[in-house]
Protein chains: 2
Amino acid sequence: MENSLKGLLKIGEIAKITGTAVSALRYYEEIGLLKPTCKSGAKYRYYKKEDISFIAFIKKAQNIGFSLDEIKLILSERNSGKSPCPKVRDLAQRKITELREKVKDLKLMERDLKKYILNCCPEEDSKPDEGNVCKMIDKVKISTKLSQS
Amino acid sequence: MENSLKGLLKIGEIAKITGTAVSALRYYEEIGLLKPTCKSGAKYRYYKKEDISFIAFIKKAQNIGFSLDEIKLILSERNSGKSPCPKVRDLAQRKITELREKVKDLKLMERDLKKYILNCCPEEDSKPDEGNVCKMIDKVKISTKLSQS
DNA sequence: GTTGACTCTCAAGTTAGGTTGAGGGTGTAC
DNA sequence: GTACACCCTCAACCTAACTTGAGAGTCAAC
């Protein structure tokens with residue numbers, strides 16, 4: 001065991017901590033998203049502690065809708081000596097706009113779904129053959145139509 | 001031309017109106033999401049006018065994060081004689097929760113991205129080798145860490 | 001000094017949501 | 001009656017983001 005491996009984490013360890021699959025971490029390396037420090041004589045991967053929060057960042061960003069390629073872009077711009085600003089700024093601005101529109105649609109649909117829950121199934125489920133099968137879909141359709149700006 | 005085809009739309013027509021690819025509409029039929037009325041002696045697909053708003057609904061729902069399978073579930077429950085309520089209600093409730101969390105994360109990241117734009121590139125792009133390469137990533141990391149509830 | 005958990009590479013498979021292409025019918029306008 | 005745009009099926013392909021499996025090396029413990 002070399003000194004340089006002090007404080008580093010093996011792939012299985014960081015996988016467990018971050019709740020990520022080992023195979024996913026290897027995949028991130030393959031696509032150039034997350035390189036391990038990897039000093040072992042054998043080809044074992046070793047990761048820094050800071051990689052834990054970077055992996056958390058990847059997950060959040062992914063959840064919000066960034067692709068791994070976009071995340072990679074941000075990172076690679078940071079790591080190159082060049083100014084990362086123009087590209088990242090652009091990416092950020094476009095993502096904000098996109099997310100805003102999604103939230104708008106989402107709120108609309110949330111309202112419709114809530115209305116559906118209240119109207120259609122207040123206490124017990126509505127019975128079939130009562131002329132009340134479910135009004136939700138049409139309501140949603142109406143809002144959907146109106147919201148097509 | 002049969003009488004029964006009056007007012008119906010051919011696949012290319014409804015595709016154009018809704019901004020959907022013909023191949024996508026055929027795919028929707030294949031997975032049982034959207035059946036055409038399809039009365040032609042040849043196997044031409046014919047769609048009702050109401051399908052236009054249904055296709056719009058599909059697109060909105062998809063954009064928000066429903067899978068085609070989920071959309072199909074909602075629809076098939078509606079079309080069966082059975083009460084659609086329990087399943088759809090459950091689906092709706094879970095989606096609302098999920099969307100709420102996404103909006104929270106999204107707002108956090110939006111804040112970070114905005115800060116980045118203001119701090120890092122107020123007028124002109126920051127130059128490299130000025131000790132100011134880009135502070136955004138670390139800031140995002142911090143919020144990301146904090147927001148891990 | 002060997003067992004057993006862990007790691008490696010490399011190739012192939014998976015899922016969703018489609019697209020593309022070959023090979024061939026349809027329908028209507030001139 | 002023939003162009004020509006449109007439609008059909010079926011199979012194969014595509015992308016992202018991984019997962020799975022085979023076959024083999026590694027390491028800490030007992």
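Lettering follows sequence order; numbering is per chain, from 1. All figures in this text were calculated on a predicted structure; none of them were measured in a lab.
Residue B:R45 places at least one side-chain N or O under 4.0 Å from the OP1 or OP2 atom of D:dT9. Look at A:Q62 and you won't find any side-chain N or O under 4.0 angstrom from OP1 or OP2 of D:dA16.
Side-chain atoms of B:D69 and B:I31, non-hydrogen and from C-beta on, never get closer than 4.5 Å to each other. Counting only heavy atoms from C-beta outward, the side chains of B:Y46 and B:P36 never approach each other to under 4.5 Å.
Rounded to an integer number of Å, the gap from CG of B:D69 to C1' of C:dT14 is 15 Å. C:dA16 atom C1' lies 12 Å from atom CD1 of B:I71, rounded to whole Å. Distance NZ (B:K59) to P (C:dA16): 20 Å, rounded to an integer number of Å.
Residues that satisfy the side-chain contact (heavy atoms from CB on, under 4.5 Å) test with A:K35, not counting sequence neighbours, are absent from this structure. For A:K48, the side-chain contact (heavy atoms from CB on, under 4.5 Å) test picks out A:L8, A:T37, A:E50, A:D51, with sequence neighbours left out. B:E13 meets the side-chain contact (heavy atoms from CB on, under 4.5 Å) test with B:L9, B:K10; sequence neighbours excluded. In this view, B:N63 and A:D105 satisfy the side-chain hydrogen bond (donor to acceptor under 3.5 Å, both in side chains) rule, not counting sequence neighbours.
Rounded to the nearest 0.5 angstrom, B:L34 CG and B:I58 CD1 are separated by 5.5 Å.
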Identify each atom pair where a protein N or O and an N or O of nucleotides 23-27 of chain D are less than 3.5 Å apart, giving names and distance.
{"from": "D:dG25", "atom 1": "N2", "to": "A:Y44", "atom 2": "OH", "distance (Å)": "2.8"}
{"from": "D:dT26", "atom 1": "O4'", "to": "A:Y44", "atom 2": "OH", "distance (Å)": "3.3"}

Less than 3.5 Å apart, which donor and acceptor atoms pair up between the side chains of residues 20-30 of chain B and the rest of the protein, not counting sequence neighbours?
{"from": "B:T20", "atom 1": "OG1", "to": "B:T18", "atom 2": "OG1", "distance (Å)": "2.8"}
{"from": "B:E29", "atom 1": "OE1", "to": "B:R45", "atom 2": "NE", "distance (Å)": "2.5"}
{"from": "B:E29", "atom 1": "OE1", "to": "B:R45", "atom 2": "NH2", "distance (Å)": "3.3"}

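Contacts between residues 14-28 of chain B and DNA chain D, counted as heavy-atom distances below 4.0 Å, involve B:R26.
Each of A:I31 and B:E29 has a nearest nucleotide on DNA chain D; the 5'-most of these lies closest to B:E29.
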